[in-house]
Protein chains: 2
Amino acid sequence: MNPLSTEKEKQILAVARDVFLEKGRQGARMQEIALRAGVNKALLHYYFRSKEHLYQRVFEAEITQFIHQILEAIPEEGDFCQFLKIFIRSYIRRVAASPQLVRFVLWEMRDGYQVLHQVLQRVFNGDPVKNSPFLVRAQAAIAAGEIRAVDPFHLFLNVLSMCVYPFLMAPLLEQLVPTLDVDDERFIDQRVEEIFNLLERGLRP
Amino acid sequence: MNPLSTEKEKQILAVARDVFLEKGRQGARMQEIALRAGVNKALLHYYFRSKEHLYQRVFEAEITQFIHQILEAIPEEGDFCQFLKIFIRSYIRRVAASPQLVRFVLWEMRDGYQVLHQVLQRVFNGDPVKNSPFLVRAQAAIAAGEIRAVDPFHLFLNVLSMCVYPFLMAPLLEQLVPTLDVDDERFIDQRVEEIFNLLERGLRP
DNA sequence: GTCTATAAGTCGATAGAC
DNA sequence: GTCTATCGACTTATAGAC
């Protein structure tokens, strides 16, 4: 196989990712992907056979990469509060870097939640609920009396929610508050602080 | 104007709402809307001129209705904690009733955030940030020393986030935890309790 | 492998009968 | 107002030259 072909394949995938995230599964056009990738439309079918195949490749790749990036940012040591703050910061930074991805995944989840589930199964050795670092750490912290006995699952949902949702609403928020810029480091730091302080106080034993 | 015509127009709008929420702006098909509404495709154009017009009508109507339903459920009296608990319960019930709507709005917000902004301007007399009941109540509660001095804007974001996000993730969550049913009253009550307890403790002066 | 050209099908929109 | 029939534009996909 020609290394140039592999290179071109990656190029197409990168562009397809952008177009799918921008326009969605239905809105994306093979013509636009070809144009922006600087290749002919027929070449897309040569490499990926159909729009559906290309979409599946992009969707699965993005989900896998996203989960791995989050996992890499999770610290192993330290007490639960340290762990929590670092997790919040990492997660928010990742989401702020491409909120389009989260919006895309949530929208496409209507049909594609099985794919997300399969990726989680693979990454977390068959049992995401039991093996998720966050849930493991939270349970340990409760057992050790570091935090009060909340439901770890709901706690996890609460943390993810507060980290993600404002960035999904960003276009509206920036319209409502003209001085606001959700990509600004200061806003991100503010959110980390507000979320962490709320949790730290709300979880005290 | 024939009352039957108005009836048919409403029927089309109701079906169009379902199809747009299900398939999105691009994925929705005029043919499908016509079929499910039991009318001819040409009639859609007779009433609404184009797919774009029909979409705008549906989008604006849904946003307006959603905001009004939330506002109706906001209590006037009581201390901030009572207010908070009722707000959380109302908001979650509304979101749980049709998470598809929220998913749709967030996805379409890429282009449609101006519409959302216009509706908010209209409902809140030109200044949603100043006149939003939640922000007003939060500021008063801080001034009265009922809760500690957090940023009301971030507090609002946190509450909305925790109420909405889990229902956006519902398809995945139910796959991960087979016993989970996010439409079950018990899950909804659990979430209200977990969110309220976290906030009540996290906001103590 | 990469291109041009085109097939095959879909969809929004409209003309025109009733 | 409501229907049938069809146009015209667009999109995916492929055939075939190079």
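Each chain gets a letter, A, B and so on, in the order its sequence line appears, and its residues count up from 1.
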Nearest whole Å is fine: how far is [N] [atom2] from [X] [atom1]?
X: B:L44; N: D:dT2; atom1: CG; atom2: C1'; result: 12 Å
X: B:F48; N: D:dG1; atom1: CZ; atom2: C1'; result: 14 Å
X: A:I33; N: D:dT11; atom1: CD1; atom2: C1'; result: 12 Å
X: A:R29; N: C:dT10; atom1: CZ; atom2: P; result: 15 Å
X: A:R25; N: D:dT11; atom1: CZ; atom2: C1'; result: 16 Å
X: B:Q31; N: C:dG9; atom1: CD; atom2: P; result: 17 Å
X: B:Q26; N: C:dT10; atom1: CD; atom2: P; result: 19 Å
X: B:L35; N: D:dT4; atom1: CG; atom2: P; result: 12 Å

Under 4.0 Å from OP1 or OP2 of [N]: is there any side-chain N or O of [X] that close?
X: B:R49; N: C:dA13; answer: no
X: A:H45; N: D:dA13; answer: yes
X: B:Y46; N: C:dA13; answer: no

Check: [X] ring centre within less than 6.0 Å of [Y] ring centre:
X: B:F20; Y: B:Y55; value: yes
X: B:F153; Y: B:F156; value: no
X: A:F187; Y: B:H154; value: yes

Angle between terminal axes - the helix from C:dG1-D:dC18 to C:dC18-D:dG1, 5 pairs each end, rounded to 10°: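 For the helix from C:dG1-D:dC18 to C:dC18-D:dG1, the axes at either end differ by 10°.
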Touch class at under 4.0 angstrom, heavy-atom based, for B:A28 against every strand present: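 Result for B:A28 = sugar-phosphate.
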Selected nucleotide, minimal atom distance to [X] side chain, candidates [options]:
X: A:L43; options: C:dC3, D:dT2, C:dA13; answer: C:dC3
X: B:N40; options: D:dT4, C:dA13, D:dA13; answer: D:dT4
X: B:M30; options: D:dT12, C:dA13, D:dC3; answer: C:dA13
X: A:A42; options: D:dT2, D:dT4, C:dC3; answer: C:dC3

Donor on one side chain, acceptor on other, B:H68 and B:E72, under 3.5 Å: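 No - no donor-acceptor pair under 3.5 Å links their side chains.
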No-H, no-angle donor-acceptor pair, B:K41 side chain to C:dG12 base, under 3.5 Å: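 Pair found.
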Backbone of A:L21 reached by a side-chain donor or acceptor of A:Q100 within 3.5 Å: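 Between the backbone of A:L21 and the side chain of A:Q100 there is a qualifying donor-acceptor contact (under 3.5 Å).
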Any donor-acceptor N/O pair, A:R103 side chain to B:L106 backbone, under 3.5 Å: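 It does hold such a pair.
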Qualifying residue, where the test is salt bridge (charged side-chain N to carboxylate O under 4.0 Å, His left out) with B:E22 and the options are B:R36, B:R17, B:R29: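 By the salt bridge (charged side-chain N to carboxylate O under 4.0 Å, His left out) criterion, B:E22 pairs with just one of B:R36, B:R17, B:R29: B:R36.
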